[in-house]
Chemist: 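Dropping the structure in here first, questions after.
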Amino acid sequence: MTNDAPRPVYFLSDSTGITAETLGNTLLTQFPGNNFDRITVPFITTAEQARAVVTTIDGVADAGLRPLVFSTAVSSEIRSILETCKAAVVDLIGTHVPQLEAALGTRASGEPGRAHGLGNAARYQSRMAAVEYAMEHDDGQSLRALEKAQVILVAPSRCGKTPTTMYLALQHGIFAANFPLVDEDFEREGLPKPLRPFVSKCFGLSSNPLRLSQIRTERRSGSPYASLRQCGYELRSAEQLYMAHRIPFLNSATVSVEEMAATILQRMNLKH
């Protein structure tokens with residue numbers, strides 16, 4: 001059933017709200033016929049703040065459609081207050097914590113912010129180091145310590161190399177470099193020289209000519225670089241190069257950064 005009026009959706013958290021957004025939006029994708037007006041309220045750390053949020057949500061409920069609430073509040077006090085609001089509340093933490101406590105035979109810590117905070121300092125620092133590495137090695141601008149890369153994304157311009165390497169670094173702590181393929185590489189029909197010792201770490205990205213032309217047109221409208229003919233030539237040549245060197249590759253035209261990252265992690269057997 002389709003509903004044209006946007007349903008208010010609140011993502012509530014006593015930390016950053018990232019987990020509430022991620023899990024909540026994943027559930028909402030199962031209802032493509034509905035429109036949603038999304039609001040994130042992070043850092044609800046006191047009972048007073050929780051009651052203020054409830055007042056706001058109740059006002060929205062009284063004025064129109066009953067809101068949806070996705071909550072990842074860890075504090076039992078905060079959760080109990082949020083549950084009083086005039087909304088359909090999906091408690092993404094409280095529903096499952098008792099099950100885990102029973103399975104593990106121990107009580108949950110009840111500390112907010114551990115998923116996206118500094119709870120694991122070593123893991124956090126490794127992610128930040130990976131981000132610095134990805135920035136330094138973006139688009140082939142540095143070849144220093146290329147041997148430290150866990151994966152090297154290779155592709156023609158504007159196929160999604162940079163956002164994918166940054167996502168791998170920030171979310172997964174993967175040391176990822178990326179390297180552009182240009183006309184000279186296709187004419188030589190070989191990998192760029194700096195990549196040859198690291199072919200086992202290479203992963204290719206491709207696209208479809210129309211999509212790539214549209215993206216490049218936004219950057220350089222009317223240029224040969226953005227022409228459909230040039231895009232088609234580069235993509236065909238890149239895929240031939242991948243196959244010749246047995247480099248796994250993925251068409252990024254209709255795939256999100258998150259999906260590309262997950263595929264790369266799986267196919268390259270990478271772990272943080």
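Residue numbers count from 1 along this sequence. Bear in mind the structure is a predicted one, so any value in this text is a computation, not a measurement.
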Chemist: How close do Leu235 and Pro209 get, counting heavy atoms only, and between which atoms?
Modeler: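 That would be CD1-N, 3.5 Å.
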
Chemist: So, using side chain to side chain contact (heavy atoms under 4.5 Å, CB included) as the criterion, who are the partners of Arg188 when residues are at least two apart?
Modeler: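 Result, side chain to side chain contact (heavy atoms under 4.5 Å, CB included) vs Arg188: Glu184, Asp185.
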
Chemist: Considering only residues two or more places apart or on different chains, which pairs with a residue in residues 242-264 satisfy ring-ring contact (aromatic ring centres under 6.0 Å, His included)?
Modeler: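 Passing the test, one end in residues 242-264: Tyr242-Phe249.
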
Chemist: Does anything in residues 212-232 pair up under ring-ring contact (aromatic ring centres under 6.0 Å, His included), and if so which pairs, sequence neighbours excluded?
Modeler: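 Residue pairs with at least one partner in residues 212-232: there are none.
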
Chemist: I need the full list of salt bridge (charged side-chain N to carboxylate O under 4.0 Å, His left out) pairs touching residues 71-86, with sequence neighbours left out, sorted by first then second residue.
Modeler: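 Non-adjacent pairs meeting salt bridge (charged side-chain N to carboxylate O under 4.0 Å, His left out): Asp62-Lys86, Arg79-Asp91.
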
Chemist: Quick check: does any side chain N or O of Ser237 sit under 3.5 Å from a backbone N or O of Tyr233, one acting as donor and the other as acceptor?
Modeler: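 At least one qualifying donor-acceptor pair exists.
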
Chemist: So Leu181 and Phe186, do their side chains get closer than 4.5 Å, heavy atoms only?
Modeler: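 A side-chain contact under 4.5 Å exists here.
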
Chemist: Taking only residues two or more places apart in sequence or in another chain, which ones pass side-chain hydrogen bond (donor to acceptor under 3.5 Å, both in side chains) with Ser142?
Modeler: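 Applying side-chain hydrogen bond (donor to acceptor under 3.5 Å, both in side chains) to Ser142 gives Glu136.
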
Chemist: For Val60, check side chain to side chain contact (heavy atoms under 4.5 Å, CB included) against everything at least two apart and list the hits.
Modeler: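 Val60 satisfies side chain to side chain contact (heavy atoms under 4.5 Å, CB included) with Pro8, Tyr10, Pro67 once adjacent residues are dropped.
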
Chemist: Between Asn208 (side chain) and Ala253 (backbone), is there a donor-acceptor pair under 3.5 Å?
Modeler: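 Here the side-chain-to-backbone pair does not exist.
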
Chemist: Write down the atom of Arg219, the atom of Arg158, and the distance for their closest heavy-atom approach.
Modeler: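 That would be NH1-CD, 3.4 Å.
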
Chemist: Looking at residues at least two apart in the chain, or sitting in another chain, which of them share a ring pair (Phe, Tyr, Trp, His ring centres under 6.0 Å) with Tyr133?
Modeler: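 Tyr133: ring pair (Phe, Tyr, Trp, His ring centres under 6.0 Å) contacts with His137, Phe175.
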
Chemist: Hey, what do you get for CG (Leu195) to CG (Leu146), rounding to the nearest 0.5 Å?
Modeler: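 Rounded to the nearest 0.5 Å, the CG-CG separation comes to 6.5 Å.
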
Chemist: Using only atom types and a distance under 3.5 Å, with no angle test, would you say the side chain of Ser221 pairs donor to acceptor with the backbone of Glu218?
Modeler: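 No, because the side chain of Ser221 does not come within donor-acceptor range (under 3.5 Å) of the backbone of Glu218.
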
Chemist: Where is the tightest heavy-atom contact between Cys85 and Val69, given as atom of each residue plus distance?
Modeler: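 So the two residues come closest at SG-CG2, 4.2 Å.
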
Chemist: Apply salt bridge (charged side-chain N to carboxylate O under 4.0 Å, His left out) to the pair Glu234 and Arg216, showing each step before the final yes or no.
Modeler: CA-CA 13 Å; Glu234 290 187 29; Arg216 288 184 173 185; 2.8 Å; yes

Chemist: Just so I know, are the side chains of Thr165 and Val151 near enough to count as touching, which here means a heavy-atom distance under 4.5 Å?
Modeler: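 Not in contact.
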
Chemist: Test Thr72 against Phe11 for side chain to side chain contact (heavy atoms under 4.5 Å, CB included), laying out the working first.
Modeler: CA-CA 8 Å; Thr72 55; Phe11 303 107; over 6 Å; no

Chemist: With a 4.5 Å heavy-atom cut-off, do Leu270 and Leu168 have their side chains touching?
Modeler: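 No, every pair of side-chain atoms sits at 4.5 Å or beyond.
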
Chemist: Under the criterion side chain to side chain contact (heavy atoms under 4.5 Å, CB included), I'd like the reasoning laid out for Ile247 against Val199: C-alpha separation, chi angles, the key distance, then a yes or no.
Modeler: CA-CA 7 Å; Ile247 295 172; Val199 63; 4.1 Å; yes

Chemist: Just to verify, what does Asn269 make a side-chain hydrogen bond (donor to acceptor under 3.5 Å, both in side chains) with, not counting sequence neighbours?
Modeler: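 Asn269 satisfies side-chain hydrogen bond (donor to acceptor under 3.5 Å, both in side chains) with no residue once adjacent residues are dropped.
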
Chemist: Between the side chain of Ser227 and the main-chain N/O of Pro224, is any donor-acceptor distance below 3.5 Å?
Modeler: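 At least one qualifying donor-acceptor pair exists.
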
Chemist: Applying side chain to side chain contact (heavy atoms under 4.5 Å, CB included), run through Arg38 and Asn25 and close with a yes or a no.
Modeler: CA-CA 9 Å; Arg38 297 168 171 84; Asn25 280 315; 2.6 Å; yes

Chemist: What is the distance from atom CE of Met260 to atom OG of Ser252, rounded to the nearest 0.5 Å?
Modeler: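 One gets 5.0 Å once the value is rounded to the nearest 0.5 Å.
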
Chemist: Hydrophobic clusters here meaning ILVMFWY residues chained together by side-chain heavy-atom distances under 4.5 Å, can you tell me if Leu23 and Ile18 are in one?
Modeler: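 No: no chain of side-chain contacts under 4.5 Å links Leu23 to Ile18.
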
Chemist: Starting at CD of Gln171, measure out to CE of Met166 and round the result to the nearest 0.5 Å.
Modeler: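 Gln171 CD to Met166 CE: 10.5 Å, rounded to 0.5 Å.
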
Chemist: Please report the shortest heavy-atom distance between Thr16 and Pro42, naming the atom on each side.
Modeler: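 Looking at all heavy atoms of both residues, the closest pair is O-CB, 3.4 Å.
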
Chemist: Going by side-chain hydrogen bond (donor to acceptor under 3.5 Å, both in side chains), name the residues that satisfy it together with Gln99, two or more places apart in sequence or in a different chain.
Modeler: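 By the side-chain hydrogen bond (donor to acceptor under 3.5 Å, both in side chains) rule, Gln99 matches His96.
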
Chemist: With no hydrogens and no angle check, do the side chains of Thr162 and Asp138 hold a donor and an acceptor under 3.5 Å apart?
Modeler: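 Yes, a side-chain donor-acceptor pair sits under 3.5 Å.
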
Chemist: When clusters are formed by joining ILVMFWY residues with side-chain heavy atoms under 4.5 Å apart, either directly or through shared neighbours, do Val90 and Val9 land in the same one?
Modeler: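 They do share one cluster, since a chain of ILVMFWY contacts under 4.5 Å joins Val90 to Val9.
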
Chemist: Heavy atoms only: give me the nearest Gln150-Gly173 pair and the separation to one decimal.
Modeler: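 The pair with the smallest heavy-atom distance is OE1-O, 3.8 Å.
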
Chemist: Can you list the other members of the hydrophobic cluster that holds Val97, where links are side-chain heavy atoms under 4.5 angstrom apart?
Modeler: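 Same cluster as Val97: Ile93.
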
Chemist: Give the minimum heavy-atom separation between Val257 and Thr164, together with the two atoms involved.
Modeler: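 Looking at all heavy atoms of both residues, the closest pair is CG1-CA, 4.1 Å.
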
Chemist: Would you say Gln49 and Thr45 are linked by a side-chain donor-acceptor pair, where the criterion is simply a distance under 3.5 Å?
Modeler: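 A pair is found: one side chain offers a donor N or O, the other an acceptor, under 3.5 Å apart.
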
Chemist: Does any non-hydrogen side-chain atom of Phe36 lie less than 4.5 Å from one of Pro6?
Modeler: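 No, too far: nothing below the 4.5 Å cut-off.
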
Chemist: Is the side chain of Asp14 donor-acceptor paired with the backbone N or O of Ala73 at a distance under 3.5 Å, no angle test?
Modeler: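 Here the side-chain-to-backbone pair does not exist.
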
Chemist: State plainly whether one hydrophobic cluster holds both Leu28 and Leu92, where clusters connect Ile, Leu, Val, Met, Phe, Trp and Tyr through side-chain heavy atoms under 4.5 angstrom apart.
Modeler: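 Same cluster: Leu28 reaches Leu92 through Ile, Leu, Val, Met, Phe, Trp or Tyr contacts under 4.5 Å.
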
Chemist: Heavy atoms, side chains only, cut-off 4.5 Å: are Ile57 and Leu82 in contact?
Modeler: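 They are not in side-chain contact.
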
Chemist: As an exercise, state the distance from CD of Glu21 to CG of Leu12, rounded to the nearest 0.5 Å.
Modeler: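 One gets 11.0 Å once the value is rounded to the nearest 0.5 Å.
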
Chemist: Is there a donor-acceptor contact under 3.5 Å from the side chain of Arg66 to the main chain of Ala87?
Modeler: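 Present.
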
Chemist: Do Met268 and Met243 belong together in a cluster built from hydrophobic side chains that touch within less than 4.5 Å?
Modeler: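 Different hydrophobic clusters.
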
Chemist: Rounded to the nearest 0.5 Å, what separates atom NZ in Lys201 from atom NZ in Lys148?
Modeler: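 Here the interatomic distance stands at 11.0 Å.
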
Chemist: With a 4.5 Å heavy-atom cut-off, do Glu101 and Thr106 have their side chains touching?
Modeler: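 Result no, sub-4.5 Å side-chain heavy-atom pair not found.
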
Chemist: Any luck finding a side-chain donor-acceptor pair between Thr217 and Gln214 under 3.5 Å?
Modeler: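 There is no such pair between these side chains.
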
Chemist: So with a 6.0 Å cut-off around CD of Glu147, is the heavy-atom count from everything else above 12?
Modeler: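 Check passes, neighbour count above 12.
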
Chemist: Sequence neighbours left out, what passes ring pair (Phe, Tyr, Trp, His ring centres under 6.0 Å) with Phe179? Give chain and number order.
Modeler: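 By the ring pair (Phe, Tyr, Trp, His ring centres under 6.0 Å) rule, Phe179 matches no residue at all.
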
Chemist: Is a donor from one side chain sitting under 3.5 angstrom from an acceptor on the other, for Gln230 and Asp183?
Modeler: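 Yes, side-chain donor-acceptor contact under 3.5 Å.
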
Chemist: For residues 50-61, which residue pairs pass the side-chain hydrogen bond (donor to acceptor under 3.5 Å, both in side chains) check, not counting sequence neighbours?
Modeler: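 Listed once each, the pairs would be none.
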
Chemist: What distance do Arg127 atom CZ and Leu170 atom CG have between them, rounded to the nearest 0.5 Å?
Modeler: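 Answer rounded to 0.5 Å: 6.0 Å.
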
